[in-house]
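We use all heavy atoms of the structure for the numbers below, so side chains are in, but hydrogens, waters and symmetry mates are not. Residue indices begin at 1 and follow the sequence shown.
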Amino acid sequence: AGNGVWHKISIDDHKEILETIGKTIEARKDDIVFDWGSGCGHQLEFMFERFGARGLGIDVSNLTVAYAANSTVAANRFCVADGNQLDWIPSNFFDKAFSFGSIYHVYDSRKFCSEIG
């Protein structure tokens, strides 16, 4: 088991949580969503398959971004980026944003909230 919460949550729990996130952000077909801390990309893949929303996922890990880009649906894009430095993304580019599990690793919550808000 690694750091974080992934080893503590079942696949069914993941799906239920993602379903709730998708409904909460009102994800719709052709929305462009932002996944802060996208990891292996399965959350964006779920948003595409379940709601039809395409997205961009960012993560600090080269390995997880490479996995996401090569192993999930082609409708989504992934890149290595520092989630505390989002000024390269144009304002109002995304229709919706979410983060699932990555907030667990945030050390400066005020900085995070000012970047993603």
Side-chain angles (χ1 to χ4, degrees):
N3 293 333
V5 297
W6 301 120
H7 64 284
K8 299 176 185 175
I9 301 173
S10 73
I11 296 297
D12 288 338
D13 289 339
H14 279 258
K15 289 179 181 177
E16 205 170 305
I17 292 166
L18 286 166
E19 183 75 24
T20 299
I21 290 171
K23 288 179 179 177
T24 300
I25 66 173
E26 299 179 350
R28 293 188 173 88
K29 185 176 181 346
D30 297 325
D31 275 351
I32 299 175
V33 297
F34 178 61
D35 183 0
W36 188 93
S38 57
C40 60
H42 293 296
Q43 294 82 13
L44 275 180
E45 184 172 42
F46 180 89
M47 291 297 169
F48 177 75
E49 291 175 349
R50 171 65 178 88
F51 298 101
R54 296 172 292 118
L56 171 69
I58 65 163
D59 201 279
V60 296
S61 169
N62 291 319
L63 292 174
T64 59
V65 166
Y67 177 89
N70 293 316
S71 303
T72 64
V73 295
N76 297 318
R77 298 289 180 259
F78 300 92
C79 66
V80 176
D82 179 348
N84 291 311
Q85 303 293 324
L86 301 177
D87 54 343
W88 56 275
I89 300 173
S91 293
N92 301 313
F93 183 81
F94 298 102
D95 299 304
K96 313 285 171 47
F98 71 94
S99 181
F100 174 18
S102 298
I103 294 173
Y104 177 85
H105 301 286
V106 171
Y107 301 108
D108 185 345
S109 59
R110 282 185 275 209
K111 173 91 171 135
F112 169 76
C113 290
S114 70
E115 284 292 326
I116 203 147

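To the nearest 0.5 angstrom, Arg54 atom CZ is 5.0 Å from Ile32 atom CD1. Here the straight-line distance linking atom CD of Glu45 with atom SG of Cys40 works out to 9.0 Å at 0.5 Å rounding. Atoms CG and CG, on Asp82 and Asp59 in that order, are 11.0 Å from each other to the nearest 0.5 Å. The OG atom of Ser99 lies 9.0 Å from the CD atom of Gln43; values are rounded to the nearest 0.5 Å.
The hydrophobic clustering, which links ILVMFWY residues whose side-chain heavy atoms are closer than 4.5 Å, places Phe93 and Trp88 together. Hydrophobic clustering, with ILVMFWY side chains joined whenever heavy atoms are under 4.5 angstrom apart, groups Ile17 together with Phe51. Under a hydrophobic clustering in which Ile, Leu, Val, Met, Phe, Trp and Tyr are joined whenever their side-chain heavy atoms come within less than 4.5 Å, directly or via other members, Phe48 and Phe94 fall into different clusters.
Counting heavy atoms from C-beta on, the side chains of Thr72 and Phe78 come closer than 4.5 Å. Lys96 places a side-chain heavy atom less than 4.5 Å from the side chain of Arg28. Using a 4.5 Å cut-off on side-chain heavy atoms (C-beta onward), Phe34 and Leu86 make contact. A heavy-atom distance below 4.5 Å is found between the side chains of Ile21 and Phe100. With a 4.5 Å cut-off on side-chain heavy atoms, Phe98 and Asp35 count as touching.
The nearest pair of heavy atoms linking Leu44 to Leu56 is CD1-C, 3.6 Å. Closest of all the heavy-atom pairs between Ile58 and Gly83 is CD1-CA, 3.8 Å. Pairing each heavy atom of Ala53 with each of Val33, the nearest pair is CB-CG1, 4.0 Å. In terms of heavy-atom proximity, Gly39 sits nearest to Ala68 at O-CB, 3.9 Å.
Remark: Glu19 engages Lys23 in a salt bridge, criterion side-chain N to carboxylate O under 4.0 Å.
Other residues, nucleotides and ligands contribute only 12 or fewer heavy atoms inside 6.0 Å of the CD atom of Glu16.
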